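As the structure is a computational prediction, the values presented were derived from the model and not from experiment. The chains referred to below are lettered A, B, ... by the order of the sequence lines, with proteins before strands, and numbering in each begins at 1.
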2 protein chains.
Amino acid sequence: MATIKDVARKAEVSTATVSAVINDSAYVSPELRARVLAAVRDLSYAPSLAARNLKRGRSQLIALVVADLANPFFSRVVWAAEAAVAAWGYSLLIFNSDEKPEVERRILARVRTLSCDGVILVPVGDSTEHLQSDPDGKPIPTVLFGRTVAGDRSDTVTIDNISASRQATEYLLDLGHTRLGTVTGPLHLTTGRGRLDGMLAAMRSRGLALESRYIRSGEFREDAAYSVARSLLEQPSRPTALYVASGLMALGVMRAVADLGLRCPGDISIASTDTIPGIGGLRPRLTRTEHPLVDMTNEAVRLLVDQIRRGGPAEPRNVVFQPSLVVGDSCAPVVARSVASPLSSSGSGQ
Amino acid sequence: MATIKDVARKAEVSTATVSAVINDSAYVSPELRARVLAAVRDLSYAPSLAARNLKRGRSQLIALVVADLANPFFSRVVWAAEAAVAAWGYSLLIFNSDEKPEVERRILARVRTLSCDGVILVPVGDSTEHLQSDPDGKPIPTVLFGRTVAGDRSDTVTIDNISASRQATEYLLDLGHTRLGTVTGPLHLTTGRGRLDGMLAAMRSRGLALESRYIRSGEFREDAAYSVARSLLEQPSRPTALYVASGLMALGVMRAVADLGLRCPGDISIASTDTIPGIGGLRPRLTRTEHPLVDMTNEAVRLLVDQIRRGGPAEPRNVVFQPSLVVGDSCAPVVARSVASPLSSSGSGQ
DNA sequence: AAAACTCACCTAATCGATTAGCTGGGTTCG
DNA sequence: CGAACCCAGCTAATCGATTAGGTGAGTTTT
């Protein structure tokens, strides 16, 4: 690889001049500029980022740390983030904390040594102390994505979880369902907890309660959702409708429903928050709330770049996006009988 | 951020000693070692990768350049690659060439200036000259993934496309289908072309031909598959079974089938290569061939790390994985009438 | 006991950029 | 006319690590 010295020698100028031409950081006469550019081309010179970064103290790297790369939701975030980050001139590093706080800690240490300019983090722990690079040093610019952490002062980009589950729940209630159940995420996460809370609020405001035996939470995974959904649905009297807190979980629930020989929406209605893109040709089509994922990701990157540019965090900004309901055909009106005597209709399926 | 000098000063040793302790690159007496480690801890020192990389000429970075990040297939590759790369001590940069050769070119230039230690590339162009870092310089260690490029001398990791489509096709033929159609990928890609060829070969060996009006190719995208499938299925006499060359395309085909009011497998059987993970609870369940994606990705990373370690490419290695058929319920035996008089049964579906 | 080795550690050059500060020729102004 | 100023371009310090080569004390060899 040619270095700046080779270019300088070939163009018969100093390295400072080459640098000035390359970075447009000072006026250089047209003649020298042309000589430099010719030399750059001839040697097919590309500046070493390692050297540049060492001197400048930045790296043009943004890290995206997601909680579970196997979840299609986060895959889409990766997709959107790659584009957004590239548009700002950065490159994207991907890390998977796999929902493990200690892995997250290791990753953030590595992010530090790689001197990434910023991090977009889907936090899995309940603390973000480790975001501080060290006691004295300044923290790495950070934007929390999707989830928040109590007491943290980073920028955040989230959706309104309460509203998401409320919308889905109200849709089910409007169809006449009263015996609802839910498969939600871990309750120590704002996404899992918030989506349960919104559902509870929606039911309460109609004077209904959510029976605790109809509430299940598990990790945001297909298999976890499958098993909690199974145990939920195998109870003697099962709910007539379910709200599921994630698209991936909805798949697990669907599989449980299929394996139990139940029909959706015939035997049970299902509404979720988020879905798996592209499955519109399969049956049933999920009724769900959708997040403006691309906008959210763009906003996260914008906030992060802003932090990087201003060189330190300002007053923390919390951007909340609104989900919207998309109706499929996984929900059906409850049959009159069930409404009239909810406790007696235990064997409707099969 | 503390530097190695700060550590050296605090531990009252030279920077060389600190470096030796950190890298275990030379014997250091227990006493000094302890002093150094204490200083490292107190200052919470982490070596600057920028400086280290500049000196060492490597970066601990591996780039993964995929053809379409929006495709769940590649999302899974990202997931598997992140884990594999981390296990070898590298970090993963993600780039999306979006099937555009000129974007790929730009990305590879950037990969060079970032001085990535290696690249896993899903090539979109038909040339890999730009893999050469420059006329004289040595090329970046590279492994081509999924697709190959004629005349290239990199290591490659692929599946046996011929076998994949042959297995799926034979399954359909065994069910009695004779009027087959296909929705495959772009024919200039080894994946699109190979999967068509395997199908043709399977049919030929049974004395059958694949009518050209039943052959459609399009980009490996859901929407592209949707539209070519629609135009394929809207023809006066449509095939009784389809082979679809990718999981994402299968979703598009399913949507087209649904929109046309056809039932799968009642009106049309569908078999594909690859699927979308987790959709086992939705109907129909795809009959498809599956690749050992995780093994493939691990192998790609292994080959790449091997190239990096040996410092230059050896004789190119081409590893081909075998797909296996997984039966769902998207295919049905053809009804006797259709087998007897294939040309007369135009209006069987809706 | 002097020569020859080891060993543990240090000094200083080096990687390839950026950039503060200098230089010397040309303008401007009092 | 000389002082003050500008300006393009250069010299050399610098970023923070690694590492070749050096040093002096202790050990072995003859």
Just to be sure I understand the rule, does [X] reach a base, reach only the sugar-phosphate, or reach nothing, if contact means heavy atoms closer than 4.0 Å?
| X | value |
| --- | --- |
| B:Asn53 | nothing |
| B:Ser29 | sugar-phosphate |
| B:Thr17 | sugar-phosphate |
| A:Leu49 | nothing |
| B:Val28 | sugar-phosphate |
| A:Val18 | nothing |

Can you check the [X] [atom1] to [N] [atom2] distance for me, whole Å?
| X | N | atom1 | atom2 | answer |
| --- | --- | --- | --- | --- |
| A:Leu32 | D:dC10 | CG | C1' | 11 Å |
| A:Lys5 | D:dA13 | NZ | P | 13 Å |
| B:Arg52 | D:dT18 | CZ | C1' | 9 Å |
| B:Arg56 | D:dG16 | CZ | C1' | 13 Å |
| B:Arg58 | C:dG16 | CZ | C1' | 17 Å |
| B:Asp24 | D:dT18 | CG | C1' | 15 Å |
| A:Ile4 | C:dT14 | CD1 | P | 18 Å |
| A:Leu54 | C:dT14 | CG | P | 17 Å |

Discussion item. For a quick check under 3.5 Å, do B:Asn53 and B:Ser59 share a side-chain donor-acceptor pair by atom type?
Written reply: no
Worksheet item: Is the closest side-chain donor-acceptor distance between B:Ser115 and B:Arg58 under 3.5 Å?
Response: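 No pair is found: no donor N or O on one side chain lies under 3.5 Å from an acceptor on the other.
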Item to complete: Answer yes or no: does a side-chain N or O of A:Ser14 lie under 4.0 Å from OP1 or OP2 of D:dC10?
Response: yes
Between [options], spot the one nearest the side chain of [X], thanks.
| X | options | value |
| --- | --- | --- |
| A:Ala16 | D:dA17, D:dC10, C:dG16 | D:dC10 |
| B:Ser19 | C:dT19, C:dC15, D:dT18 | D:dT18 |
| B:Lys55 | C:dC15, C:dT19, C:dT11 | C:dC15 |

Worksheet item: Any side-chain heavy-atom pair from A:Asn71 and A:Arg221 closer than 4.5 angstrom?
Response: no
Discussion item. Please compare A:Tyr27 and A:Thr15 by the position of their nearest nucleotide in DNA chain D and report the one closer to 5'.
Written reply: A:Tyr27
Worksheet entry | Basic-acidic side-chain contact under 4.0 Å: B:Glu102, B:Arg105 |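 No salt bridge links B:Glu102 with B:Arg105.
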Item to complete: Return the minimal non-hydrogen interatomic distance between B:Phe95 and B:Leu114, and the atom names on each side.
Response: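 Closest approach of B:Phe95 to B:Leu114: CZ-CD1, 4.1 Å.
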